[in-house]
Amino acid sequence: MGLKLFNTLSRSVQEFVPLDPAGRTVGLYACGPTVYDFAHIGNWRTFVFGDLVRRYLDFKGYAVRQVMNITDVDDKIIQRVRETGQPLREFTARYEKAFFDDLEALNCRRPHQTPRATEHIADIIALIERLQARGLAYATPEGSVYFSIEKYRGGGARYGRLVKLNFEAMRVGERVRSDEYEKEAVADFALWKARTPEDGQVFWPSPWGEGRPGWHIECSAMSMKLLGPSFDLHLGGEDLMFPHHEDEIAQSEGAALQPPGRPFVKYWLHGAHLLVEGRKMSKSLGNFFTLRDLLARGFTGREIRHLLLTAHYRETFNFTLEGLQAARAALARIDECLLKLRAAAGAAPAAGEAPLVEAFTQALDDDLNISGAWGAVFEWVRDTNRKLAENALDAPAAAAALAAWNRVDSVLGVGAPPEVDVPAEITQLVEARQAARQAKDFKRADALREELKARGWTIEDTPRGARAKRL
Ligand code: AMP
Ligand code: ZN
């Protein structure tokens, strides 16, 4: 069975068929962070969703190229640069680095390219010039450039592909300069913003005078430059459908660089939002968490990743600290099972069937049904534990089970090698206790067991010898 995904363009679940006639290469663009602050846990839900899509396409054998832009100039950044008095690059560099550190902490694969908007100003200007030449963009006397929705629609194109819009309320030629605006504000949007005194030193020369690009044109210019004018998948949080993605379609298809009959993007995927304790996250409510806040509370990247990956991407997800505790317990069950499997497998070559991968694939093929995928994982854990308890898994079968897990975890990305978690001095104490028992020095063996206990470890006897386990 092939992969099916919900395409916002058609508002339906569709079979995924890459544009590549050979069906092999896949272009994936995910809108990246605006680097004006640390990304919050809601942002991370969307970025981890992007990583799930990327990893699953890798798993399915596609040759994926993933591009994620870094928005390093926009209204919010300029405001913060003004407040802090720092140069633009110095200000954004700090948050860009934090973003990549967090990406790693959550075990997300790094996108193949992460272009910065400020390094593609020439491409952005060229795209705006093309839109102007095609009669879809116009300059204002102060040196800004706007996209004309009326001209675009007049040429037969549809504006309002991802969301329903009310054109009755639109006054022709009305303009919005802001990067973010409501649906009610259907109006010509800024491609290039003329320099104002508030912009400080943040400006570039252009055919229309000094200024800076709008946010939407940035993604059109960089995605088409790096993935071609027509590519497979474009992804972001649901709040980006309008105006950001709608405007990206208008700009990119308005520029008409695509081969005849080909869209700018074939499949648009949108992730639902994350709430905290049932409410929209906000600093004033005290329910605002960055990844760092959670790491500082002692949770690990894999626990947070697991929790962010528990709900289907199109369902609003309610994040709680209790949820993180549950994620910890769930991972402990997996770790426990893996440790026993490793002990049972030893160095044996894998042999035998492992139904886990098939059940897992079936679930994720169905519009990334992640609960089904976790269901398959935990059923496998139960089944494996039972077989291990009954001594019904020989070494090659245990090795096959481990190989199946590794395959599945190439997508989930939550597996930690538990053995390396055992500190060397603990391993030494376990070995010393084994030696004492063999020498029938039970007093010393008991003393060593007590010492381990004092350090928070216990000893578990397995068919392949004793091993340390956290209390
Ligand atoms: P930004 O840096 O604000 O452009 O946001 C980066 C990504 O996070 C975008 O794809 C947004 O749609 C997404 N996002 C913002 N807030 C949330 C939230 N509460 N839950 C899930 N995703 C979000
Ligand atoms: Zn974007």
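For the 3.5 Å distance criterion, the side chains of Arg65 and Gln113 qualify, holding a donor opposite an acceptor. At a cut-off of 3.5 Å, with distance as the only test, a side-chain donor of Gln14 or Asn7 sits close to an acceptor on the other residue. Glu180 and Ser178 share no donor-acceptor pair across their side chains, judged by distance under 3.5 Å alone. In the model, Gln258 has no side-chain atom that pairs as donor or acceptor with a side-chain atom of Ser230 under 3.5 Å. Between the side chains of Thr46 and Asn43, not a single donor N or O lies within less than 3.5 Å of an accepting N or O.
Shown here are the ring pair (Phe, Tyr, Trp, His ring centres under 6.0 Å) partners of His312, two or more places apart in sequence or in another chain: there are none. With sequence neighbours left out, the ring pair (Phe, Tyr, Trp, His ring centres under 6.0 Å) criterion links Tyr152 to Phe147. The ring pair (Phe, Tyr, Trp, His ring centres under 6.0 Å) test applied to Tyr159 returns no partner, not counting sequence neighbours. Residues satisfying the salt bridge (charged side-chain N to carboxylate O under 4.0 Å, His left out) test with Asp383, not counting sequence neighbours, are Arg386, Lys387. Residues forming a salt bridge (charged side-chain N to carboxylate O under 4.0 Å, His left out) with Arg110 (at least two apart in sequence, or on another chain): none. Tyr146 is linked by a ring pair (Phe, Tyr, Trp, His ring centres under 6.0 Å) to nothing, counting only residues two or more places apart in sequence or in another chain. In this structure Arg382 satisfies the salt bridge (charged side-chain N to carboxylate O under 4.0 Å, His left out) test with no other residue, sequence neighbours excluded. Taking the salt bridge (charged side-chain N to carboxylate O under 4.0 Å, His left out) definition, one finds that Arg55 meets it with Asp51, sequence neighbours left out.
Among residues at least two apart or in separate chains, salt bridge (Lys or Arg N to Asp or Glu O under 4.0 Å) pairs with a member in residues 123-132 are Asp123-Lys225. Residue pairs meeting the ring-ring contact (aromatic ring centres under 6.0 Å, His included) criterion with at least one member in residues 89-111, sequence neighbours excluded, are Phe38-Tyr95, Trp44-Phe99, Phe47-Phe99, Phe91-Tyr95. Evaluation of the salt bridge (Lys or Arg N to Asp or Glu O under 4.0 Å) test over residues 237-254, restricted to residues two or more places apart or in two chains, returns Arg161-Glu253.
Taking the side chain as every heavy atom from C-beta outward, Val186 and Asn166 never approach each other to under 4.5 Å. Contact annotation: the side chain of Gln325 approaches that of Phe299 to within less than 4.5 Å [non-hydrogen atoms, C-beta and beyond]. Counting only heavy atoms from C-beta outward, the side chains of Asn107 and Val414 never approach each other to under 4.5 Å.
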For this session: Please test Phe264 against Phe231 for ring pair (Phe, Tyr, Trp, His ring centres under 6.0 Å), starting from the C-alpha separation and ending with a verdict.
Result: CA-CA 6 Å; Phe264 163 49; Phe231 58 90; 5.3 Å; yes
For this session: Dump the intermediate steps for side chain to side chain contact (heavy atoms under 4.5 Å, CB included) on Leu341 and Glu336, then the final yes or no.
Result: CA-CA 9 Å; Leu341 271 179; Glu336 183 74 42; over 6 Å; no
Problem set entry | From CA spacing to verdict: side chain to side chain contact (heavy atoms under 4.5 Å, CB included), Val17, Lys266 | CA-CA 9 Å; Val17 182; Lys266 191 168 178 191; 3.8 Å; yes
Exercise. Can you list the steps and then say if Tyr36 with Asp74 is a side chain to side chain donor-acceptor pair (under 3.5 Å)?
Worked result: CA-CA 9 Å; Tyr36 72 107; Asp74 89 328; over 6 Å; no
Exercise. Salt bridge (Lys or Arg N to Asp or Glu O under 4.0 Å) between Asp75 and Arg177: does it pass, once the steps are laid out?
Worked result: CA-CA 10 Å; Asp75 298 349; Arg177 186 181 156 93; over 6 Å; no
Exercise. Step by step, would you call Val411 with Leu52 a side chain to side chain contact (heavy atoms under 4.5 Å, CB included)?
Worked result: CA-CA 7 Å; Val411 179; Leu52 174 70; 3.8 Å; yes
For this session: Could you walk me through whether Gln132 and Trp208 pass the side chain to side chain donor-acceptor pair (under 3.5 Å) test, one step at a time?
Result: CA-CA 11 Å; Gln132 214 177 3; Trp208 314 282; 3.0 Å; yes
For this session: Take Leu127 and Ser220, measure what side chain to side chain contact (heavy atoms under 4.5 Å, CB included) needs, and give me the verdict at the end.
Result: CA-CA 9 Å; Leu127 186 57; Ser220 282; 3.8 Å; yes
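Residue Glu150 qualifies as open at atom CD: its count of foreign heavy atoms under 6.0 Å is 12 or below. No more than 12 heavy atoms of other residues, nucleotides or ligands lie within 6.0 Å of CD in Glu358, so this atom counts as exposed by the packing criterion. No more than 12 heavy atoms of other residues, nucleotides or ligands lie within 6.0 Å of CD in Glu379, so this atom counts as exposed by the packing criterion. Surrounding CZ of Arg279 are at most 12 heavy atoms belonging to other residues, nucleotides or ligands under 6.0 Å away. Atom CD of Glu182 is surrounded by 12 or fewer heavy atoms from other residues, nucleotides or ligands within 6.0 Å. The local environment of CD in Glu83 is crowded, with over 12 non-hydrogen atoms from other residues, nucleotides or ligands closer than 6.0 Å.
At a threshold of 4.0 Å, the pair Asp58-Arg109 counts as salt-bridged, since one of the basic side-chain nitrogens sits closer than that to a carboxylate oxygen. In this structure, Lys4 does not pair ionically with Glu15, as no charged nitrogen and carboxylate oxygen lie closer than 4.0 Å. Ion pairing between Arg302 and Asp335 holds under the 4.0 Å rule for side-chain N and carboxylate O. Ion pairing of Arg116 with Glu119 is present here, as a side-chain N (NZ or NE/NH1/NH2) and a carboxylate O approach within less than 4.0 Å. A salt bridge links Arg212 with Asp199: the closest approach of a Lys/Arg side-chain nitrogen to an acidic carboxylate oxygen falls below 4.0 angstrom.
Between His216 and His245, the distance separating the two ring centers is not shorter than 6.0 angstrom. Between His40 and Phe288, the ring centre distance stays below 6.0 Å.
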For residues 21-34, which side-chain donor-acceptor pairs fall under 3.5 Å, sequence neighbours excluded?
{"residue": "Thr25", "atom": "OG1", "partner": "Asp20", "partner atom": "OD2", "Å": "3.3"}
{"residue": "Tyr29", "atom": "OH", "partner": "Asn69", "partner atom": "OD1", "Å": "3.2"}

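Figure legend: Arg314 and Phe6 shown as a cation-pi pair, the cationic atom lying under 6.0 angstrom from the six-membered ring centre and within 45 degrees of its axis. A cation-pi arrangement is found for Arg195 relative to Phe203, the charged atom lying closer than 6.0 Å to the ring centre and inside a 45° cone about the ring normal. Seen from the ring of Phe167, Arg153 counts as a face-on cation partner, given the 6.0 Å and 45° thresholds.
Ring-plane geometry between Phe317 and Phe319 is classed as perpendicular, the angle between the planes exceeding 60 degrees on a 0 to 90 degree scale with a lower cut at 30.
Closest approach of Pro115 to Leu226, counting heavy atoms only: CG-CD1, 3.5 Å. Of all heavy-atom pairs spanning Val48 and Cys108, the tightest one is CG2-SG, 4.0 Å. Between Leu5 and Leu233, the shortest heavy-atom distance links the atoms CD1-CD2, 3.9 Å.
A side-chain hydrogen bond (donor to acceptor under 3.5 Å, both in side chains) with Asp179 is found for exactly one of His244, Lys76, Lys193, namely Lys193.
Once rounded to the nearest 0.5 Å, the distance linking CD of Glu210 with OG1 of Thr196 reads 12.0 Å.
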